[in-house]
Structure formats: structure tokens, C-alpha cells
Amino acid sequence: MVCSSNWWRAPVYFTVSVLLAFLAISTALRSLPRDNSLPTKTTIAPLLLDASSALRKSGFNIIATLLQITPEIFISSPHSTIFAIPDSSIANASHTSWLLKHLFQYHASPLQLSMKDLLKKHRGSCFPTLFHGKNVALTKVDEKERVVEINHVLVSHPDIFLNGPLTIHGVLGPFTSMDPRYVNQGWDHIQAPICDSNLSLVSEAIATKNVVEWTHVIRLLSSKGFVSFAIGLNSVLDGILDDKMKLNSVTVFAPPEFSFVASASSLLEKIVRFHILPRKLTYMELASLPANATLCTLAPDHDDLEISKAVNITQELMINQVKIVAPNMFESKKFVIHGISQAFKLGELPNTSR
């Protein structure tokens, strides 16, 4: 009976903690410019009240409260679809207020998508969210069973709210893991899938056991100044994914300037592949290899790289006579990126400098 007298403490403490987090988010949002074409909180108050009530009835209490306190997170266009995250996924989060804001924005779309609309789309379709133009992808669509998964997360509570410009669904969990390590390493913390200009899925960003996280590789290269090579890699990613989906790990050699980015697609793909090894080799592992050892690349026709040592007192490690200037620029369990002084030269290529 001693424990029963304190039953109310847990929900009260939880509610206070949540409200404090919401206030922090609300404060952060005050600096954002407002779109005067959108309805004010006052004009849509009745709609928000009804939507919040529907969310609470379905057990999504945190999103229900947040929708009333800071609707700007979810509503930034004439139409909106919200994918409500379970309370348990938010309550256990240790993210800062701005990370939580980004997480919520990634679970809202400027499109109005009822369950009927979602079921009409095909698997692999992408649609935009409110977070910096990042997309989510439909990874399962079963019209007969009325099952939809987005980023491999089940839409567990379809059509919680359908009224006017606002649609709300409940989902089984968040669409992204929001791993804080990605922020610390310079990666985008929202792990969004890669979609093409036709909003079709190209590559899933959700890490699986045997798939290299190409999204992170490309974005990290861009953030570190290797933009032209990142563009080249992204341009030929389809071909790499088509025949190398079972890659467990890779080593990427990134040049600061990559003039081949304007080359024909077949040539560009061959040269990009020539800069990637189908295994992870750190700088120390490369240095431990004997001189003239060959390294198999992803390039067709078994084009290999060769370990070489600079003929000087430092005995600097070089690959195909090209110096590694930024060893282990980034390393994870599945890949390592080395910055090199210039692009590798592939034999029998046309002279692109003319």
C-alpha cells in the first residue's frame, strides 16, 4: 500500500518533463520567419483541438500536446499530413530541443495523404517531408491487407484524423534512428532515403547488416569539401547498387578535384568505381601491405590499384603514385574514407584536359 500512495508522481513528472521540452522547442521556433499565407494558430484552433483529442484517444499524448502548443512544426503549407510517433519513442529520447524539432518535422508532409492515398502508391515511391526537403519512402504497400510501411515502419493507426486540410496517422516508431553520432561526425542526423527527381527510391538510408550506408558517404564527402567527387558518386550510385548490394564494407579514396564529373555516364562510373575498394582498409592496414601489392577495386575488367612508397626519408604511403593526404578522414564499422591529393589515372582513358 505504500507504493500506491505515490502512483501519481510518475505521470506528473513525465508531463512536466515533456512540457519543458516543448517550451524549449517553442522558444527555438520563435526566430523562424512566418509565412503569412498560412492560417494562424487562432484561426485553426478548433481544428487543432479536434485533432489533439483524436490523437489522445489513440494514445499519442505527446504529439497531441505538441500539436496544440507549437503547430508550426507540423503545419507549414495549406495541406498537411502528420505521422504521429508513439509516446514511448519520444519519452526515452535524450536529444536536444532542435534535434527533436527536426525529428517531428521529418514526420510531417506538405501533402495530404489519407490511407486510401497511400495504398494507391507503389512500393518505392517517395514523398517530401517538412525537414529541409528530405523524403521518406514507401517500403511496403499491400492494398489487399491494407498495410503500409514507411521507411520500414508500420502505419499502425491509419486515418486517426481526417478533417479539412489535416490528415493524421499513427506509426509504430520513428522513421529514423536519429543517432547523435551522425551529428558529431558531420553527417546529417536525419537518415533519409535517397530518391531521384521522379520521387522514386534509389537507396535506402536505413542501415542494414550487409549494406554500406551510401547516403552517409556521399553527404560526408560533400561536407568535407569533396563536392565534385560526391556528385560523381551520387550520379553513378544506381549502377553500383545494382551489382554490389552485398557489400559488407568499402574503402573510398576521395580526390579534392574530380574533373571527370562532366564525362559520359559509362566513363564516369568506371572512374568512380576505380576509387572504391570492396573492403575496408584503414591507413595502418594499407601501410602494413608490402610495396607493389595490388588492391582490387569496384571497376570492371579487374582494374587494380597498387601500393607504392615515396622514395624519401618519410617513406610516405602512396597509392598509384598518388599521396594520401587525409588518412582515415572518416571511419565507421562499414567504411573508411581517405582523402588523396588527386584523382587516380585509369589506363587507356581519353585526355579530358584538352
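Throughout, residue positions are numbered sequentially from 1 according to the sequence presented.
Between L221 and A230 the shortest heavy-atom distance is CB-CB, 3.8 Å. Across all non-hydrogen atoms, the minimal contact from T139 to H152 is OG1-N, 2.7 Å. Closest of all the heavy-atom pairs between V153 and G173 is CG1-O, 3.2 Å. Scanning all heavy atoms of the two residues, the minimum distance from A84 to F60 falls at O-CE2, 3.4 Å. Across I324 and H338, no two heavy atoms sit closer than the pair CG2-CB, 4.0 Å. Of all non-hydrogen atoms in V236 and E269, the two that sit nearest each other are CG1-CA, 3.5 Å.
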Exercise. Would you please test F253 and H275 for ring-ring contact (aromatic ring centres under 6.0 Å, His included) and show each step?
Key: CA-CA 5 Å; F253 296 102; H275 288 73; 7.9 Å; no
Practice problem: Under the salt bridge (Lys or Arg N to Asp or Glu O under 4.0 Å) rule, what do E331 and K280 come out as? Steps first, then yes or no, please. | Solution: CA-CA 9 Å; E331 180 185 356; K280 177 188 169 186; 3.0 Å; yes
Self-check item: I271 vs F258, side-chain contact (heavy atoms from CB on, under 4.5 Å): CA-CA, chis, key distance, verdict
Solution: CA-CA 10 Å; I271 299 172; F258 196 64; 3.7 Å; yes
Quiz item: For V217 and F330, what are the C-alpha separation, side-chain angles and deciding distance, and is it a side-chain contact (heavy atoms from CB on, under 4.5 Å)?
Solution: CA-CA 9 Å; V217 174; F330 184 81; over 6 Å; no
Quiz item: Could you walk me through whether L295 and D304 pass the side-chain contact (heavy atoms from CB on, under 4.5 Å) check?
Solution: CA-CA 5 Å; L295 302 169; D304 296 333; 5.9 Å; no
Exercise. Apply side-chain contact (heavy atoms from CB on, under 4.5 Å) to the pair L119 and V148, showing each step before the final yes or no.
Key: CA-CA 7 Å; L119 288 169; V148 170; 3.5 Å; yes
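In this structure, OG1 on T297 lies 7.0 Å from CG on L277, to the nearest 0.5 angstrom. In this structure, CG on L281 lies 4.5 Å from OG1 on T251, to the nearest 0.5 angstrom. The CD1 atom of I168 sits 9.5 Å away from atom OG of S80, with the distance rounded to the nearest 0.5 Å. One finds the CE atom of M284 at 10.5 Å from the CG atom of L317 (value rounded to the nearest 0.5 Å). With rounding to the nearest 0.5 angstrom, the CG atom of L118 is 5.0 Å from the CG atom of L113. Taken from CG in N135 to CG in L201, the straight-line distance is 10.0 Å, to the nearest 0.5 Å.
Electrostatic pairing of E149 and R123 does not count as a salt bridge here, judged by no charged N lying under 4.0 Å from a carboxylate O.
Panel note: side chain S109, backbone L111; a donor-acceptor pair is recorded below 3.5 Å. Side-chain atoms of R273 come within 3.5 Å of backbone atoms of L298 as a donor-acceptor pair (strictly under, hydrogens ignored). Proximity of a side-chain donor or acceptor of S235 to a complementary backbone N or O of I231 within less than 3.5 Å is detected. In terms of modelled atom types and a separation under 3.5 Å, the side chain of S125 and the main chain of H122 share a donor-acceptor contact. Side chain of D196 to main chain of S200: a donor-acceptor pair is present (N/O by atom type, distance under 3.5 Å, no hydrogens or angles). Formation of a donor-acceptor pair under 3.5 Å by the Q112 side chain with backbone atoms of G164 is found in this model. Side-chain atoms of S58 never come within 3.5 Å of backbone atoms of L55 as a donor-acceptor pair (strictly under, hydrogens ignored). Between the K345 side chain and the N320 main chain, no donor and acceptor come within less than 3.5 Å of each other. Although no hydrogens or angles enter the test, the distance criterion places no donor-acceptor pair under 3.5 Å between the side chain of N328 and the main chain of T282.
With contacts defined as side-chain heavy-atom distances shorter than 4.5 Å, the pair F161/L166 qualifies. Between D159 and S114, the closest side-chain pair of non-hydrogen atoms falls below 4.5 Å. Looking at V336 and V252, their side chains never come closer than 4.5 Å, going by heavy atoms from C-beta outward. Side-chain contact check for S89 versus P174: some heavy-atom pair is nearer than 4.5 Å. Side-chain contact check for T167 versus I82: every heavy-atom pair is 4.5 Å or farther apart. At a threshold of 4.5 Å between non-hydrogen side-chain atoms, the residues L305 and T294 do not count as touching. Considering only heavy atoms from C-beta on, P193 comes within 4.5 Å of N151 through its side chain. Two residues are said to be in side-chain contact when any heavy atoms from C-beta on lie closer than 4.5 Å; I150 and L138 meet this criterion.
Following chains of ILVMFWY side-chain contacts shorter than 4.5 Å, one can reach F226 starting from I337, so the two form part of one hydrophobic cluster. Both L47 and L66 sit in one connected hydrophobic cluster of ILVMFWY residues. Membership requires side-chain heavy atoms under 4.5 Å apart, directly or through other members. Criterion: ILVMFWY side-chain heavy atoms under 4.5 Å apart, direct or through other members. Under it, L162 and L48 are not part of a common hydrophobic cluster. Linking Ile, Leu, Val, Met, Phe, Trp and Tyr whenever their side-chain heavy atoms come within less than 4.5 Å puts V136 and V147 in one cluster. Linking Ile, Leu, Val, Met, Phe, Trp and Tyr whenever their side-chain heavy atoms come within less than 4.5 Å puts V141 and L172 in one cluster.
Side chains of S53 and D50: a donor-acceptor N/O pair is absent below 3.5 angstrom, by distance only.
Proximity of the aromatic rings of H107 and F74 is defined here by a centroid distance below 6.0 angstrom, and this criterion is not met. Checked against the 6.0 Å centroid criterion, the rings of Y106 and H132 do not qualify as a close aromatic pair. Remark: aromatic rings of H169 and F83 are close, center separation under 6.0 Å.
Annotation for E257: atom CD does not count as buried by contact number, only 12 or fewer foreign heavy atoms lying within 6.0 Å. The local environment of CZ in R56 is crowded, with over 12 non-hydrogen atoms from other residues, nucleotides or ligands closer than 6.0 Å.
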